[in-house]
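The structure under discussion appears below in the form of structure tokens.
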Amino acid sequence: MKRDKYEKVMDLAKRRGYLWSSFEIYGGIAGFVDYGPLGTMLKNNIINIWREYYVVREEFYEIDSPTITPYEVLKASGHVDNFTDPIVECKECLESFRADHLIEECTSLDTEGKSLRELEQMIREHDIRCPKCGGELGEVKRFNLMFVTSIGPGGKRRGYMRPETAQGIFIQFKRLAGFFRNKLPFGVVQIGRAYRNEISPRQGVIRLREFTQAEGEFFVHPREKTHRRFKEVEEEVVPLLPADRQMDNSIDPEEKVIEITIGEAVRRGIVRHEAIGYFIAITKRFLKDIGIDVKKLRFRQHLPDEMAHYAIDCWDAEIYTERFGWIECVGIADRTDYDLRAHMKHSGEDLRIFVEYEEPKEVETYEIELNYREVGRIFKGDLKLIEKKLKEMDNEEMEKLVREIEEKGRYILRVEADGEVKEFEILKDYLKIRKVVKKIRGEKILPHVIEPSYGIDRILYCLLEQAYREEEDRVYLDLKPKVAPIKVGVFPLVNRDRLPEIAMDIKERLRREGIIAQYDDRGAIGRRYMRMDEIGTPFCITVDGQTLEDGTVTVRDRNTREQERVKIEEIVDYIKSKLE
RNA sequence: GCGCCAGUGGUGUAGCCUGGUAUCACUCUGGCCUUCCAAGCCAGCAACUCGGGUUCAAAUCCCGACUGGCGCACCA
């Protein structure tokens, strides 16, 4: 049986300390991996370069929030409802089915938004039985893709392991807006673990139950989804696979991807605005920079029916792998104000930002003065709600109120509170209305968010796969020096004549300068080179007889195997220049 | 979660049908040797995925679990 590349790469990764299956001595469990020593270094290198892009150059600021998230947050974000599949189990054969799908198939009724009990009732009413054995179906249960936990003793407070790092940013939006002194646009990132209780995770590191995300949230004015520095990326050519071309069967599948500058793509409306376009370009540059072959990269737009519940547009950076084909490694989504709106509604906090106009506007409006002696007596505790509603009314509503009060002498005020709509009858003598001309200096808006979200584990796998090289007499990882875990191997050619001491000293010098170097004097020199090749170490320094005469050593290049003589005194600078 | 297939040192394997605790190679460790690409010699470490059953005796036969692969389902 021929081993495919996935197998060879994972085998090497396991043997050499890149990736291990977790909990292996207890039999292992699917969907979890450990990063070994080299894997951890590689991962950290990737993440640090990512920070270089987003934190240093894009001026996004990084935060770090808890992975355990209380129920309310994920209820508000839609994850509790949208992450839950209703499942029903056959009492006889124990087979389980998606309850909603089953009902829709059997009755062609709509199950959208139905509760578990309603679904169960529908099953009983229509006498739906197990499609496999005809047995009776049990109760409808939730299968939630989020890991559930409880907070505190007694387990009263339900919590989940976060399904994405993004929510941590949205939750702190008010603080963050304050940090950025309420000026749009601004960006925030978070790098950390996220959790999804996949039904059947496979494909090793590609689909994990616990994985690392690096997410950026770029908050923009809803009417200005532009990017200040779009000019800098305009000429970047990107491979795009738009939704309409995916669905158009008249196009040859091989021809569906179009190579186009991102500037042109935005001008022609293929990419709907600069902000998404900008991050597509940045993503291409980042992936190229860490060593991803751009010929194996494409940006695929989500089809309307595959979009997440919070997004109106999404482009995935997909990388081609030999076994799995194109896999999603980065998602660049326009989440609109979905999350902020949801959290604003559920928490009651005003998450809007005040944006000043360039010039103040003069607007005719009304000022309302309540007759407190009267309304206090009538509405009692509800008065606060009414006051708040009146304050928040926009001009249109206000005009309607004024009109109705004048014409009919009364107005029915509807206020939403705690999920209920309350109605209050407002009579003419409850209030005094004055027409005024106000200078409006600006307005409160709820920002939209553009989200580039990177799956670090998948990117790391793709990088390993693409770096994997086989030659007649060796296997090596063609990792870029800047991502390679070990930068330099240092060897004495033979173990005598003080060569080991000199080599050890060179290793120490490199380490002191922050360069990860490894000393090795075991076995023949060729064997040591091979070991370093296999883990992707780009350079090997060898101390030989000539070193004793002229103070030079050889530096071997991993890919070409060519050697160059360099003075020991210059070795640190030499290596440093090669690592950039 | 369902169906099919597989699981022996770090890696690749022999043994399984026809029960009697394991073959070989590479790697790895220590030593000798060695002046540039897995050389050689000596010594050593190291495995039957886990649990149950049958049996005097299980890597081997049976059942289950776990893991991996493939197909179906799932994939905000």
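Chain letters run A, B, ... following the sequence lines, proteins first, then strands; residues in each count from 1.
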Under 4.0 Å, heavy atoms only, any strand: does [X] hit a base, just the sugar-phosphate, or nothing?
X: A/Ser21; answer: nothing
X: A/Tyr310; answer: base
X: A/Gly545; answer: base
X: A/Arg323; answer: sugar-phosphate

Looking at [options], which one has an atom nearest to any side-chain atom of [X]?
X: A/Asp497; options: B/U11, B/A38, B/U35; answer: B/U35
X: A/Ala524; options: B/A38, B/C36, B/A39; answer: B/A39
X: A/Arg522; options: B/G69, B/A38, B/G31; answer: B/G31
X: A/Gln563; options: B/C37, B/U29, B/C74; answer: B/C37
X: A/Lys14; options: B/C37, B/U11, B/G69; answer: B/U11
X: A/Arg556; options: B/C37, B/U11, B/U35; answer: B/C37
X: A/Arg15; options: B/U35, B/C36, B/G10; answer: B/G10
X: A/Arg531; options: B/C28, B/C37, B/G31; answer: B/C28
X: A/Asn495; options: B/U11, B/C36, B/U34; answer: B/U34
X: A/Ala30; options: B/U35, B/G68, B/C28; answer: B/G68

Presence of donor-acceptor pair under 3.5 Å, side chain of [X] and base of [N]:
X: A/Arg207; N: B/C74; result: yes
X: A/Arg474; N: B/C37; result: no
X: A/Tyr26; N: B/C66; result: no

Now, which nucleotide makes the Watson-Crick or G-U wobble pair with [N], with each of the two distances under 3.5 Å?
N: B/U34; answer: none
N: B/G64; answer: B/C50
N: B/A43; answer: B/U29
N: B/C24; answer: B/G12
N: B/C4; answer: B/G69

Considering only the [atom1] atoms, how many Å lie between [N] and [M], rounded to the nearest integer?
N: B/A59; M: B/U18; atom1: C1'; result: 15 Å
N: B/G12; M: B/U23; atom1: C1'; result: 13 Å
N: B/A73; M: B/U29; atom1: C1'; result: 49 Å
N: B/C62; M: B/C16; atom1: P; result: 14 Å
N: B/A22; M: B/U60; atom1: C1'; result: 11 Å
N: B/C24; M: B/G15; atom1: C1'; result: 12 Å
N: B/C74; M: B/U21; atom1: C1'; result: 44 Å
N: B/G9; M: B/A14; atom1: C1'; result: 14 Å

To the nearest angstrom, how far is [X] atom [atom1] from [N] atom [atom2]?
X: A/Leu499; N: B/C36; atom1: CG; atom2: C1'; result: 12 Å
X: A/Tyr195; N: B/C75; atom1: OH; atom2: P; result: 23 Å
X: A/Phe23; N: B/A65; atom1: CZ; atom2: P; result: 21 Å
X: A/Trp20; N: B/U49; atom1: CH2; atom2: P; result: 22 Å
X: A/Phe32; N: B/U67; atom1: CZ; atom2: P; result: 10 Å
X: A/Glu164; N: B/C75; atom1: CD; atom2: C1'; result: 15 Å
X: A/Ile535; N: B/A38; atom1: CD1; atom2: C1'; result: 15 Å
X: A/Glu534; N: B/C28; atom1: CD; atom2: P; result: 10 Å

Within the 6.0 Å centroid threshold, strictly below: [X] and [Y]:
X: A/Trp326; Y: A/Tyr320; result: yes
X: A/Tyr6; Y: A/Phe324; result: yes
X: A/Tyr454; Y: A/Tyr54; result: yes
X: A/Tyr160; Y: A/Tyr195; result: no

Crowded around A/Arg469 CZ? As in, over 12 foreign heavy atoms under 6.0 Å?
yes
Verify the neighbour count for atom CZ of A/Arg341: are there more than 12 heavy atoms of other residues, nucleotides or ligands below 6.0 Å?
no
Do A/Asn559 and A/Tyr476 meet the criterion of a side-chain donor-acceptor pair at a distance under 3.5 Å?
no
Mind checking whether A/His79 and A/His309 have parallel, tilted or perpendicular rings, split at 30° and 60°?
perpendicular
Pairwise 5' ranking along RNA chain B for A/Asp11 and A/Asp533, keeping only the more 5' one
A/Asp11
Check the phosphate of B/A39 against A/Arg527, side-chain N and O only, distance under 4.0 Å to OP1 or OP2. Yes or no?
yes
